[in-house]
Amino acid sequence: LQLVIPSTNYLSPNITGDTTICSGDSSLIDAGPFPAYLWSTGETTQTIHPTVTGWYSVYVLDPLIGCSGTDSIYVVVSPSPVVTITAAGPVSFCVGDSVLLDAGPGYTTYRWYRYSNLISGANLQSYYAKTAGPHYCRATIANGCYDYSNPVFIRTPCQLPMDEDEKSISTETAMMEVSVQPNPSA
């Protein structure tokens, strides 16, 4: 049996992980591999998931060799934007028409989507929606945090225009004279 005695009487944990996150997310911070942990949050695991801004400290212990150590890290939770789309007109219109959707000012980037598909070239504050379906925007603020807007459902209930022959048939009113006669073979 060989007993290893450290040259110091303390352990040196080094907390690593995300120190800046967006609100609504959680960071993962890790104290490293030690036999026992006690975080300032009361948790006793190697890793924790902070969700609020503040200092997080860990006390580590190896009871076999009687050594302990501490480390701290500061985690910043940055605000996330709240993106809301407004429509500058009716969201139900005939094919060929459109409505201007606006995600609001103050964002550093905009990405517009229809269903779950990124709309190519749609990267400004406003977007003219021309096709049916849910449209939404992902907007980012300067701290890198982003949000997806509420969906705006575009409807195009009008039918495509008919050709001239179909129009004349559908608009004519047909009148027919009907008379009832007894069946002569009966």
Side-chain angles (χ1 to χ4, degrees), residues 1-87 91 101-127 129 131-154:
L1 176 68
Q2 182 179 17
L3 181 62
V4 177
I5 301 187
S7 59
T8 61
N9 61 353
Y10 63 91
L11 300 176
S12 298
N14 182 27
I15 302 173
T16 60
D18 299 324
T19 58
T20 303
I21 59 171
C22 299
S23 61
D25 294 340
S26 69
S27 174
L28 173 68
I29 56 176
D30 187 332
F34 295 97
Y37 307 88
L38 179 59
W39 290 89
S40 53
T41 60
E43 295 169 88
T44 57
T45 56
Q46 180 176 334
T47 60
I48 63 170
H49 298 274
T51 58
V52 296
T53 296
W55 282 99
Y56 292 85
S57 301
V58 66
Y59 172 79
V60 297
L61 174 66
D62 188 335
L64 290 178
I65 57 175
C67 293
S68 63
T70 62
D71 192 22
S72 297
I73 195 169
Y74 192 75
V75 174
V76 175
V77 180
S78 298
S80 291
V82 176
V83 183
T84 303
I85 296 176
T86 56
V91 295
L101 303 178
D102 191 307
Y107 303 104
T108 55
T109 64
Y110 298 85
R111 291 183 179 173
W112 289 89
Y113 293 82
R114 180 174 166 262
Y115 291 103
S116 60
N117 302 313
L118 180 64
I119 301 169
S120 179
N123 56 7
L124 299 175
Q125 174 182 332
S126 299
Y127 170 73
T131 55
H135 289 69
Y136 59 96
C137 182
R138 175 186 152 169
T140 305
I141 56 178
N143 65 11
C145 296
Y146 61 87
D147 186 32
Y148 288 93
S149 71
N150 56 308
V152 172
F153 293 91
I154 304 299

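- If you take CD on Gln125 and CD1 on Ile85, they are separated by 11.5 Å, rounding to the nearest 0.5 Å.
- Heavy-atom minimum distance, Cys145 versus Ser78: SG-CB, 3.9 Å.
- Applying the 6.0 Å contact sphere to CZ of Arg111 captures no more than 12 heavy atoms from other residues, nucleotides or ligands.
- When all heavy atoms of Ser72 and Ser57 are compared, the pair lying nearest together is OG-OG, 2.7 Å.
- In this structure the side chain of Ser40 never reaches within 4.5 angstrom of the side chain of Trp55, judged on heavy atoms.
- With contacts defined as side-chain heavy-atom distances shorter than 4.5 Å, the pair Val77/Thr51 does not qualify.
- Considering OH of Tyr107 and CG of Leu124, their distance stands at 15.0 Å, rounded to 0.5 Å.
- Taking both residues in full, the closest heavy atoms of Ala129 and Leu101 are given as CB-CD1, 3.8 Å, listed atom of the first, atom of the second, then distance.
- Of all heavy-atom pairs spanning Ile21 and Pro50, the tightest one is CD1-O, 3.7 Å.
- Across Ile29 and Ser27, no two heavy atoms sit closer than the pair CG2-OG, 3.6 Å.
- How far CD1 of Ile48 is from OG of Ser26: 10.5 Å, rounded to the nearest 0.5 Å.
- Leu38 CG to Thr70 OG1: the interatomic distance, rounded to the nearest 0.5 Å, is 11.5 Å.
- Atoms CG and CD1, from Asp71 and Ile15 in turn, are 4.5 Å apart once rounded to the nearest 0.5 Å.
- Looking at Ser80, its side chain never comes within 3.5 Å of a backbone N or O of Asp147 through a donor-acceptor pair.
- Once rounded to the nearest 0.5 Å, the distance linking OH of Tyr146 with OG1 of Thr109 reads 10.5 Å.
- The two residues Ile73 and Thr19 make their nearest non-hydrogen contact at CD1-CG2, 3.4 Å.
- When each of Tyr113, Tyr110, Trp112 is checked for a ring pair (Phe, Tyr, Trp, His ring centres under 6.0 Å) with Tyr136, only Tyr113 meets the rule.
- Although no hydrogens or angles enter the test, the distance criterion places no donor-acceptor pair under 3.5 Å between the side chain of Tyr127 and the main chain of Ala103.
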### Message
Could you go through Thr131 and Ile154, starting from their C-alpha distance and side-chain angles, then the distance that decides it, and tell me whether this counts as side-chain contact (heavy atoms from CB on, under 4.5 Å)?
### Response
CA-CA 7 Å; Thr131 55; Ile154 304 299; over 6 Å; no
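- Between the side chains of Ser126 and Asp102, at least one donor N or O sits under 3.5 Å from an acceptor N or O.
- With no hydrogens or angles considered, a side-chain donor-acceptor pair links Glu43 and Thr41 at under 3.5 Å.
- Judged by distance alone, the side chains of Thr108 and Thr140 never bring a donor and an acceptor atom under 3.5 Å apart.
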